[in-house]
Amino acid sequence: MRKIVIALSVLMAFTSCVSKKEYAALEAKNKEIQDLLNSCTVKLNSCLEEKAGLAATAESYKQHNQDLINSSKDLTVLTTKGAENLEKSLESLKEKDLKISRLQDALTKKDSVTLALVTSLKGAVGINDPDIEINVEKGVVFISIADKLLFKSGSYDVTDKAKTVLAKVAKVVNDKPDFECMVEGHTDNVPYRSNGVLLDNWDLSVKRSTSIVRVLTNDLGVNPAKLIAAGRSSYVPLVPNDTAENKSKNRRTRIVVMPKIDQFYDMIEKEMKKQAK
């Protein structure tokens, strides 16, 4: 209690020594200082926030920079791998080009043999006969012989005139051991009247084909292993069966002379093995 009394006495003595004017000035100065302090505090807080933001940005840039460095390293690795893959791709393309080149050589060789065969056939059979047609389609030789040179109407017995023509064909075929022949019988669309042995045009076309095959093998010495007998009936016409002339064109025997498929593929396989070494 004594201390309070003393403090009040000192305060009273101090206030009594300071005039009201001076006191007001001190209060104004104190307010000015307080306002300045508040302003500085606000600025300080703002600066601290800005610093924190800049620190976060700096850390983000630092992380981004590290990511770029890592990406650059990865890109270098990828570029190296890309170069290796590109080199491998180029090597693969070279190999494919070589395969294609060798395959083309094999096909050219096959086409050359086919061309020689066509020349031989045309020279032996005779290209001026309108009832005998020789052509090449996709590397295969087709010899089409009108039925009037081979058979009598509705018959599958080979005529003597036909044997003369077939003898020329047989000679050329025998000179080409790497080829085989498919003999196709074709009819027009006039229904065949069954005679108890043959039922329809299918039977007639097949029977004519086997008749030709027998002449080629039994009479003309062609190796039976090189021959294939086939009948196509009236379903592969050359022209519409709408006139007598067209029907006559469709009645034919076609001899397909072609390389043995297995030998042809063997030839290609050998070429492929060569370039694989």
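This structure is a prediction, so every number in the text was calculated from the model and none was measured. FYI, side chains are in, hydrogens and waters are out, and symmetry mates aren't considered; it's all heavy atoms of this structure.
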Q. When you look at NZ of Lys148, are more than 12 heavy atoms from neighbouring residues, nucleotides or ligands closer to it than 6.0 Å?
A. no

Q: Check whether any side-chain heavy atom of Leu216 lies under 4.5 Å from a side-chain heavy atom of Val183, and answer yes or no.
A: yes

Q) Should Val215 and Leu204 be counted in the same cluster of Ile, Leu, Val, Met, Phe, Trp and Tyr side chains packed under 4.5 Å apart? A) no

Q. Do Leu199 and Tyr192 have side chains that get closer than 4.5 Å, going by heavy atoms?
A. no

Q. Closest heavy-atom contact between Cys181 and Ile255?
A. CB-CG2, 4.2 Å

Q. Do the side chain of Ser144 and the main chain of Glu133 share a donor and acceptor less than 3.5 angstrom apart?
A. no

Q. Do Thr159 and Lys163 come within less than 4.5 Å of each other through their side chains, counting heavy atoms only?
A. no

Q) Do you reckon Val257 sits in the same ILVMFWY cluster as Leu166, going by side-chain contacts under 4.5 Å, direct or chained? A) yes

**Q.** Non-hydrogen atoms of Gly231 and Val206 that approach each other most closely
**A.** CA-CG2, 3.6 Å

Q: Check whether any side-chain heavy atom of Glu180 sits under 4.5 Å from a side-chain heavy atom of Leu227, and report yes or no.
A: no

(Q) Would the distance check show the side chain of Asn246 and the main-chain N or O of Asp242 forming a donor-acceptor pair, the cut-off being under 3.5 Å? (A) no

Q. Do any N or O atoms from the side chain of Ser209 and from the backbone of Ser205 form a donor-acceptor pair under 3.5 angstrom?
A. no

Q | Any donor-acceptor pair under 3.5 Å from Thr217 side chain to Val213 backbone | A | yes

Listing, residues 184-191 side-chain donor-acceptor contacts under 3.5 Å, not counting sequence neighbours, or none:
residue : atom : partner : partner atom : Å
Glu184  : OE1  : His186  : NE2          : 3.0
Glu184  : OE1  : Arg254  : NE           : 3.0
Glu184  : OE1  : Arg254  : NH2          : 3.0
Glu184  : OE2  : Arg232  : NH1          : 3.4
His186  : ND1  : Arg252  : NH2          : 3.4
Thr187  : OG1  : Ser233  : O            : 3.3
Thr187  : OG1  : Ser234  : N            : 3.4
Asp188  : OD1  : Val190  : N            : 3.0
Asp188  : OD2  : Arg251  : NH1          : 2.7

Q. Can you tell if the side chain of Val222 reaches within under 4.5 Å of the side chain of Asn174, non-hydrogen atoms only?
A. yes

Q: Dump the intermediate steps for side-chain contact (heavy atoms from CB on, under 4.5 Å) on Lys152 and Asp157, then the final yes or no.
A: CA-CA 7 Å; Lys152 293 180 180 180; Asp157 293 327; over 6 Å; no

**Q.** N/O donor-acceptor pair under 3.5 Å between Asp200 side chain and Asp203 backbone
**A.** yes

Q. Between the main-chain N or O of Phe151 and the side-chain N or O of Ser155, is there a donor-acceptor pair closer than 3.5 Å?
A. no

Q: Considering non-hydrogen atoms only, spot the tightest contact between Leu220 and Ala170 and give its length.
A: CB-CB, 3.8 Å

